[in-house]
Number of protein chains: 2
Amino acid sequence: MKGSVQEQAWRCLLELFFAQRDRFIAVGQELGLAPQQAIALKHLEPGRAMTMGELAQALHCDNSNVTGIADRLEAHGLVERRPHASDRRVKTLVLTTKGAKIRAAYEARLSSAPPGLASLSDADAATLLDIMHRAAAAAPDPGRTPTA
Amino acid sequence: MKGSVQEQAWRCLLELFFAQRDRFIAVGQELGLAPQQAIALKHLEPGRAMTMGELAQALHCDNSNVTGIADRLEAHGLVERRPHASDRRVKTLVLTTKGAKIRAAYEARLSSAPPGLASLSDADAATLLDIMHRAAAAAPDPGRTPTA
DNA sequence: TATTGTTATACTCTATAACTATA
DNA sequence: TATAGTTATAGAGTATAACAATA
């Protein structure tokens, strides 16, 4: 039942993740963002236009969902729909100034470490960071935009 | 922008978390579980009755939602509603045999480490595990059932 | 009176399928 | 014909408020 050391470490991280789930939701709520809206914002980097389809891929959901998510973000003045330069079927999404501000606020709130991690010694934290870097290097996530 | 070593480590873990999101959903889907149903099942330990209210607290959602989640789990034959021994207002939820099986399958699927972690050396994984244990000990999550 | 679970309502997110306007 | 985005539909999850049965 214990499994390899790697699996044990993974289960330990899993616990942390589930324990932090509420925080993601709560931080979003304080900023007026539903969960998927927050994640969508995370993928929309300031100044970089993204097509609806690209966002759908990033969110791993159907194109049709992105229509609604973009609608709601646009209704809150966080993004703008703009025509594509060369293909008139395509629409791109761009963060507004307000959108960029909310996005930064969300990232800032989430970037503070949870109590357990925050209480680690600098040496432990540095070791942890080092090991995670090695893990990330061993299995780079192809579809993801590196935030760190 | 970099922050303390603890914050850097946290952001690194955050990346891993978001990258693994789809896996949680996909594994649930293969077993016919919507995301919250999977999480509910996670909290329902075999042989231990849980009241609707307790589950609502564990899921950090309103009691009214648990009614629907329990309805759907019951419709799939995974849980049973039973009266409480001493308080007739209360209903308890108990895993069925099928429910316990699905729950075990879900846990088993999720417990295998993702590629990056799996490729760590035993020494790295053991160090990681050790540090995570220290972090968990420093900030025990009050509301959570320890799975590990 | 207070509490447990339910119902009613309204909004968000999800996938599928049909539609439109382009290509 | 194929593709990008939209609309329509149906199911799941969410919070709030009102309700029944019980405490």
Side-chain angles (χ1 to χ4, degrees), chain A residues 18 21-44 49-76 78-94, chain B residues 18 21-44 49-76 78-94:
Chain A
F18 276 103
R21 248 175 52 93
D22 311 312
R23 191 176 158 207
F24 302 146
I25 296 168
V27 168
Q29 236 162 8
E30 286 172 42
L31 297 171
L33 299 171
Q36 283 315 294
Q37 290 171 22
I39 298 179
L41 229 52
K42 203 173 129 70
H43 287 281
L44 285 164
M50 203 173 186
T51 71
M52 307 283 283
E54 281 168 352
L55 184 55
Q57 246 184 314
L59 296 176
H60 300 283
C61 72
D62 196 82
N63 274 2
S64 61
N65 298 324
V66 176
T67 296
I69 292 170
D71 282 350
R72 290 180 280 269
L73 287 174
E74 205 168 25
H76 285 84
L78 305 181
V79 306
E80 270 181 26
R81 263 180 252 238
R82 294 209 193 140
H84 188 82
S86 57
D87 189 335
R88 290 197 302 182
R89 290 173 304 181
V90 177
K91 288 173 193 168
T92 64
L93 296 173
V94 186
Chain B
F18 276 103
R21 248 175 51 94
D22 311 310
R23 190 176 159 206
F24 301 147
I25 296 168
V27 168
Q29 236 163 7
E30 286 172 41
L31 298 170
L33 298 171
Q36 286 312 298
Q37 291 171 21
I39 298 179
L41 229 52
K42 204 172 130 68
H43 287 281
L44 284 164
M50 203 172 186
T51 71
M52 307 282 285
E54 282 168 353
L55 183 55
Q57 246 185 313
L59 297 176
H60 299 282
C61 72
D62 195 82
N63 273 2
S64 60
N65 298 323
V66 176
T67 297
I69 293 171
D71 282 351
R72 291 181 279 268
L73 287 174
E74 205 168 24
H76 286 83
L78 305 180
V79 305
E80 269 180 28
R81 264 181 251 237
R82 295 208 194 141
H84 188 81
S86 57
D87 189 335
R88 289 196 303 182
R89 289 174 304 182
V90 177
K91 290 174 191 168
T92 65
L93 295 173
V94 186

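Chain letters run A, B, ... following the sequence lines, proteins first, then strands; residues in each count from 1.
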Heavy-atom closest contact ([X] atom, [Y] atom, distance):
X	Y	result
B:Glu54	B:Ala49	OE1-O, 4.4 Å
A:Met50	A:Ala58	CE-CB, 4.1 Å
B:Leu73	B:Ala40	CD1-CB, 4.1 Å

Requested in this report: Look up atom CG in B:Leu55 and atom SG in B:Cys61, then write down how far apart they are to the nearest 0.5 Å.
Outcome: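 If I round to the nearest 0.5 Å, the distance is 7.0 Å.
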Query raised in the report: Taking the side chain of A:Asp87 as heavy atoms from C-beta outward, which of C:dA23, D:dT22, D:dA15 is closest to it?
Result: C:dA23
Gap between atoms [atom1] and [atom2], on [X] and [N] respectively (whole Å):
X	N	atom1	atom2	result
B:Leu59	D:dT14	CG	P	7 Å
A:Ile25	D:dG13	CD1	P	13 Å
A:Met50	D:dA4	CE	C1'	15 Å
A:Arg21	D:dG13	CZ	C1'	11 Å
B:Ile39	D:dA12	CD1	P	16 Å

Report summary line: Its contact letters, B for base, S for sugar-phosphate only and - for none at protein heavy atoms under 4.0 Å, make nucleotides 5-13 of chain C read SBB----SS
Query raised in the report: Hey, does the side chain of B:Thr92 reach the backbone of B:His84 with a donor-acceptor pair shorter than 3.5 angstrom?
Result: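 No, the answer is negative, given that no donor and acceptor are paired below the 3.5 Å cut-off.
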Requested in this report: Please indicate whether B:Gln57 has more than 12 foreign heavy atoms, meaning atoms of other residues, nucleotides or ligands, lying under 6.0 Å from its CD.
Outcome: no
